[in-house]
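Order of listing sets the numbers, starting from 1, for every ligand and every atom in it. Remember, predicted model here, so these are calculated numbers, not experimental data.
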Amino acid sequence: MDTAVEATDLVKRYGDTTAVAGLSFRAPRGAVTALLGPNGAGKTSTVEICEGFRRADSGRVRVLGLDPAADAAELKPRVGVMLQTGGAPTGARAGEWLRLMASFHAHPIPARVLLDRLGLASASGTPLRRLSGGQQQRLSLAAAVIGRPELVFLDEPTAGLDPQARMATWELVDELRAAGVGVVLTTHHMEEAERLADHVVIIDHGRVVADGAAGELTDSAQELRFYADPELDTASLLAALPPASDVTTHPSGRRTQYVIVTNAPGGLGPEFVATVTTWCAANGILPEELRVQRRTLEDVFLELTGRELRD
Ligand SMILES: Nc1ncnc2c1ncn2[C@@H]1O[C@H](COP(=O)(O)OP(=O)(O)OP(=O)(O)O)[C@@H](O)[C@H]1O
């Protein structure tokens with residue numbers, strides 16, 4: 001795997017608060033990596049260390065093989081970062097400001113292309129101070145990608161955006177990936193991580209609690225559910241299933257819901273489902289509302305941390 005970012009054993013403290021507590025992850029090039037975790041998990045601190053804006057108390061970071069603090073000048077044209085527009089000249093208009101950002105790069109994306117893509121064309125003549133929060137955020141995103149960087153860091157890129165602007169941002173991230181750009185983004189939206197990321201790093205209390213391909217984290221956690229009579233002989237059902245399977249029962253009105261999980265080789269595939277339905281048929285049972293469902297990242301997070309992700 002060609003690595004864009006490699007962070008090893010990062011620690012960051014603010015006074016008595018340990019924001020990052022020995023965190024390691026790798027983000028590949030040409031793929032989207034989501035750092036997913038609840039508020040205060042340490043995502044922003046981690047990203048700012050990777051961007052070279054903060055120094056870790058200990059640990060090591062390599063970005064495109066370089067040290068983000070010591071090699072900042074070399075990395076600057078190759079790495080896109082969403083910055084606040086706060087430092088820009090007060091009277092600057094959105095389009096002018098973006099064209100100024102473009103002028104710092106050898107082969108920029110034309111400013112008007114990005115203004116169109118991010119629904120900002122009509123705001124091009126608006127002074128920065130009059131842009132809405134969502135417009136400023138999209139302008140920062142445009143500025144981060146205008147220089148055709150190899151790697152982009154996006155900290156909560158869609159926080160506070162309306163659904164349309166969020167979709168435009170997601171489509172831009174898809175295009176960056178398709179163009180071979182590495183993207184590292186932070187989010188506490190499960191939906192965003194599931195929709196965008198090839199690779200998810202789940203962070204809680206400054207540590208990585210799970211790390212893997214987005215599908216891997218949820219594929220390994222499937223379950224089969226059905227409703228039937230409460231009197232079903234679960235010992236007999238379990239005996240028919242491959243070893244490393246489990247059946248739990250959940251009373252639901254006059255029926256019972258049966259939930260089956262397995263760690264058997266092959267997992268919860270077609271053969272496993274056939275074994276269950278064959279057993280049901282042999283015992284004269286109709287498994288109502290039978291479904292195999294992938295557990296969500298939310299379920300995985302809850303299982304790992306005992307807590308829910310919250311906005
Ligand atoms: N400059 C700072 N000074 C003191 N404490 C800080 C500072 N920055 C962050 N923290 C604390 O460090 C912890 C991690 O914060 P961080 O912003 O890195 O987390 P996060 O996962 O990005 O959270 P959020 O989703 O809320 O932005 C929090 O407890 C936060 O209050």
What's the shortest distance from atom 26 (O) of ligand 1 to any protein heavy atom, and which residue and atom give it? N39 ND2, 3.1 Å
Can you tell me the protein heavy atom closest to atom 16 (P) of ligand 1 and the distance? S45 OG, 3.8 Å
From the list V181, V63, V81, L176, side-chain contact (heavy atoms from CB on, under 4.5 Å) partner of L151 resolves to V63
As a check for students: among G40, G15, A19, A159, identify the option with a heavy atom nearest to atom 12 (O) of ligand 1. A19
Can you tell me if G42 has a non-hydrogen atom under 4.0 Å from ligand 1? yes
Using non-hydrogen atoms of the residue, decide whether G206 is closer than 4.0 angstrom to ligand 1. no
Would you verify that at least one protein heavy atom lies under 4.0 Å from atom 30 (C) of ligand 1, or report that none does? no
Euclidean distance, Y258 OH relative to E288 CD, rounded to 0.5 Å: 11.5 Å
State the atoms of ligand 1, each with its element, that fall below the 4.0 Å cut-off from a heavy-atom position in P38. 21 (O)
If we only consider heavy atoms of E156, is any one of them less than 4.0 Å away from an atom in ligand 1? yes
When distances are taken from atom 9 (C) of ligand 1, the protein heavy atom at minimum range is Y14 CE1, 3.4 Å
Pair R78 + E150: basic N to acidic O under 4.0 Å: yes
Can you check whether K43 has an N/O within less than 3.5 Å of an N/O in ligand 1? yes
S132 side-chain N/O to Q135 backbone N/O, donor-acceptor pair under 3.5 Å: yes
Between K43 and G37 (side chain of the first, backbone of the second, donor and acceptor by atom type, cut-off under 3.5 Å), is there such a pair? yes
Tell me, which protein residue and heavy-atom name are nearest atom 17 (O) of ligand 1, and how many Å apart are they? T44 CB, 3.6 Å
Quick check: are there more than 12 heavy atoms from other residues, nucleotides or ligands sitting under 6.0 Å from CZ of R55? no
S236: partners by side-chain hydrogen bond (donor to acceptor under 3.5 Å, both in side chains), with sequence neighbours left out: W279
Any luck finding a side-chain donor-acceptor pair between H189 and E156 under 3.5 Å? no
